[in-house]
Novice: 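Okay, here's the structure, questions in a sec.
The figures that follow rest on heavy atoms only: side chains count, while hydrogens, waters and symmetry mates do not. Residue numbering restarts at 1 for every chain, and letters A, B, ... go by the order of the sequence lines. All values reported here derive from a predicted model rather than from experimental measurement.
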Amino acid sequence: MFDLTATDYQAVLLSAKVALTATVLALPVGFLAASLLAFGRFRGKAVLEGILHLPMVLPPVVVGYLLLLLLGQNGPLGSFLRSVGVRIIFTWWAAVAASLVVGFPLLVRAIRIGLEDIDEKLLQAARTLGAPWYDTLLTVVLPLSGRAILAGASLMFARSLGEFGATIVLAGNIPGLTQTIPLAIYDYVNTPDGDHGALALCLLSIGLSLGVLLCSETLTRTLARRSKA
Amino acid sequence: MNLNLALQKKFCGFDFDVAFRTDSKRLGIFGRSGSGKSTLVNLLAGLLPPDAGRFRFGDRLLYDSAQGICVSPQKRRIAVVFQHSHLFPHLTVERNLLYGYRRIPASERTIDPGELCRVLDISHLLKRSVNALSGGERQRVALGRGVLANPHLLLMDEPLSGLDEKLKYQIIPYLKDVLDRYDIPLVYVSHSMNEMRMLVDEVLVLENGNLASQTSPETLARLRMKECPLGYLNFFSLQNPVPDEHLWAYEWGKNRLTLTHSTSDHKGLFTLASKDIVLFRRHPESVSARNLLRGTVGNIFELDQRIGVELDCNGKPLVATIVKKAAEELGVNPGKEIYAAIKADAFRRVY
């Protein structure tokens with residue numbers, strides 16, 4: 001039953017590529033946003049928090065449609081990108097964009113929870129020793145938030161692997177080009193006699209996600225041991 | 001150190017409003033918890049923005065609400081040693097020590113890290129993780145980290161209250177040594193009278209967010225005798241013990257004291273509670289107590305049912321407390337000669 005076709009393999013590779021790219025791109029911004037929410041004291045923090053978390057509670061299709069309006073040929077950002085010769089929609093970058101927006105809140109939330117565990121007195125100590133905020137962020141906060149960052153990254157990676165709603169609206173379902181695992185499964189389900197293919201991809205998807213979770217769990221434990229030693 | 005400050009800060013249910021100026025090199029901030037000590041620490045270090053006021057340290061204006069000046073904590077050059085040391089858990093002892101040192105211009109690094117480590121006796125710990133240190137070692141590393149930042153002022157916030165009762169004062173000789181050697185002014189915050197008397201020249205007493213008094217630690221200790229069950233603690237800084245039939249004899253001015261304790265490196269601080277001194281009107285000929293000092297009565301002050309008696313023993317001050325009835329029978333009056341008996345084991349070694 002594991003007779004996967006070439007397009008199935010392409011879907012698996014594309015899913016991994018999209019999820020990895022989205023996660024790697026989101027990490028620096030996500031860390032900054034989480035730091036801002038965890039340590040910043042400013043007006044409109046609640047509003048910023050709401051906006052950052054919105055994609056988590058909106059239906060992914062809505063997110064996809066809004067992104068389409070923004071990045072489409074006539075959208076404000078889309079027309080600018082077209083003028084410099086870049087097209088995002090209906091390419092694999094559209095899948096990355098969809099995963100970025102949908103997964104970002106999960107990343108920020110997980111990192112933020114970890115950051116809030118850091119004793120604020122440590123940051124104060126760093127500042128009285130002459131470190132400006134960005135120095136403190138790099139030399140104290142970042143090294144102490146390894147586990148939180150890992151947790152956030154694996155959550156976002158797993159979420160990106162499963163992204164469907166926003167991706168199909170923004171990137172379409174083009175086999176070999178923008179078809180990720182969930183989209184391929186969707187195709188199989190809509191095809192007569194597609195059950196075998198759908199099931200095979202489902203099992204592969206479960207295996208991939210489980211692998212990610214196990215890896216992150218192991219790494220987390222290693223980090224925990226190191227911070228205790 | 002020249003410190004001139006007037007700062008206000010409102011919290012819900014607590015108003016902080018303190019103004020003072022001082023020229024003393026070692027300033028103590030004394031008060032109960034909730035008196036505003038921590039607020040003052042945060043305001044001095046710049047970790048908390050005041051609502052209004054002015055704060056000048058030496059020739060630098062660090063805060064002025066009228067001119068809109070507020071120097072950030074990293075530019076104040078005021079190093080803080082916190083109650084729970086707050087060492088960076090992901091760095092080794094060495095990298096903790098050098099954290100501030102690396103962040104000042106090379107031309108301003110006047111303190112040699114190796115020498116400081118020897119003074120603080122932490123050279124053997126450098127490669128260790130800070131999580132493998134004892135409480136006293138942690139506090140010494142925290143002190144070293146602060147001092148290596150070449151601060152213009154060292155601010156210590158209850159640095160001993162998290163430590164083991166038996167060992168907590170052991171850091172004090174290190175601290176004194178460091179402050180003298182590198183000539184760093186100190187602001188020391190504590191609720192412990194003993195720490196104040198061991199370390200500072202002048203004390204600010206805070207109550208409910210206001211300055212209650214600005215006085216010397218000695219005066220404050222005598223004022224607070226009533227509240228302390230031990231009465232007043234006499235401090236003895238003694239050195240070079242001479243063995244004397246299982247006991248140790250020390251010179252105390254022109255007097256000789258016999259103690260059961262020795263000191264490790266020739267120098268030590270001992271305390272004696274005022275209630276542990278027995279007074280005699282005439283020389284008692286023979287007495288089991290190993291120390292008999294002749295003194296002249298100075299001031300006498302009332303403390304509820306007891307009387308505090310200041311003695312001048314060959315130029316050295318000694319304070320004893322006795323009950324009123326005893327004072328009447330002895331006829332204690334200023335100028336009278338009197339004998340004080342102290343048991344050799346009544347002295348307690350502090351460090």
Novice: Considering residues, nucleotides and ligands other than B:Lys10, do more than 12 of their heavy atoms fall under 6.0 Å from its NZ?
Specialist: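 Atom NZ in B:Lys10 is not crowded, with 12 or fewer foreign heavy atoms closer than 6.0 Å.
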Novice: How long is the gap from CG on A:Leu129 to CZ on B:Arg102, to the nearest 0.5 Å?
Specialist: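 If I round to the nearest 0.5 Å, the distance is 13.0 Å.
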Novice: Considering residues, nucleotides and ligands other than A:Arg159, do more than 12 of their heavy atoms fall under 6.0 Å from its CZ?
Specialist: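 Result for CZ/A:Arg159: enclosed.
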Novice: Count the heavy atoms of every other residue, nucleotide or ligand shown that sit under 6.0 Å from CZ of B:Phe20, and state whether that count exceeds 12.
Specialist: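 Buried by this count: over 12 neighbours within 6.0 Å.
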Novice: List the atom of B:Phe88, the atom of A:Leu122, and the distance in Å for their closest heavy-atom pair.
Specialist: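 What the structure gives for the nearest pair is CE2-O, 3.4 Å.
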Novice: So which part of B:Ile104 gets closer than 4.5 Å to some heavy atom of chain A, the side chain, the backbone, both or neither?
Specialist: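 B:Ile104 has no heavy atom closer than 4.5 Å to chain A.
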Novice: Could you grab the distance from atom CG of A:Leu123 to atom CG of B:Leu47, nearest 0.5 Å is fine?
Specialist: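 A:Leu123 atom CG to B:Leu47 atom CG measures 10.5 Å (nearest 0.5 Å).
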Novice: Against B:Pro89, only a single residue in A:Asp119, A:Leu144, A:Val140, A:Ile118 fulfils side chain to side chain contact (heavy atoms under 4.5 Å, CB included); can you say which?
Specialist: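 Running side chain to side chain contact (heavy atoms under 4.5 Å, CB included) over A:Asp119, A:Leu144, A:Val140, A:Ile118 with B:Pro89 returns exactly one hit, A:Leu144.
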Novice: Test your reading of the model: is there a side-chain donor-acceptor pair from B:His86 to the backbone of A:Ala126, 3.5 Å cut-off?
Specialist: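 Such a contact is absent between B:His86 side chain and A:Ala126 backbone.
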Novice: Which heavy atom of A:Trp133 sits nearest a heavy atom of B:Gln74, and at what distance?
Specialist: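 In terms of heavy atoms, the two residues are closest at N-NE2, 4.4 Å.
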Novice: Flag yes if more than 12 heavy atoms outside B:Arg60 fall under 6.0 Å of its CZ atom; otherwise flag no.
Specialist: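 Yes, because the 6.0 Å sphere around CZ of B:Arg60 holds more than 12 heavy atoms from other groups.
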Novice: Under 4.5 Å heavy-atom distance to chain A, tell me which part of B:Leu87 shows up: side chain, backbone, both or neither.
Specialist: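 Just the backbone, heavy atoms under 4.5 Å.
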Novice: Is it the side chain or the backbone of B:Arg77 that comes within 4.5 Å of chain A heavy atoms, both, or neither?
Specialist: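 For B:Arg77, there is no contact with chain A at all, as no heavy atom is under 4.5 Å.
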Novice: Surrounding OH of A:Tyr134 (heavy atoms of other residues, nucleotides or ligands, distance under 6.0 Å), is the total greater than 12?
Specialist: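 No, because the 6.0 Å sphere around OH of A:Tyr134 holds 12 heavy atoms or fewer from other groups.
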Novice: Looking at B:Phe11, I want to see if its CZ is surrounded by more than 12 non-hydrogen atoms of other residues, nucleotides or ligands under 6.0 Å.
Specialist: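 Atom CZ in B:Phe11 is packed in, count exceeds 12.
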Novice: Can you confirm whether A:Thr139 sits close enough to B:Arg103 that some side-chain heavy atom of one is under 4.5 Å from a side-chain heavy atom of the other?
Specialist: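 Yes, at least one pair of side-chain atoms sits under 4.5 Å.
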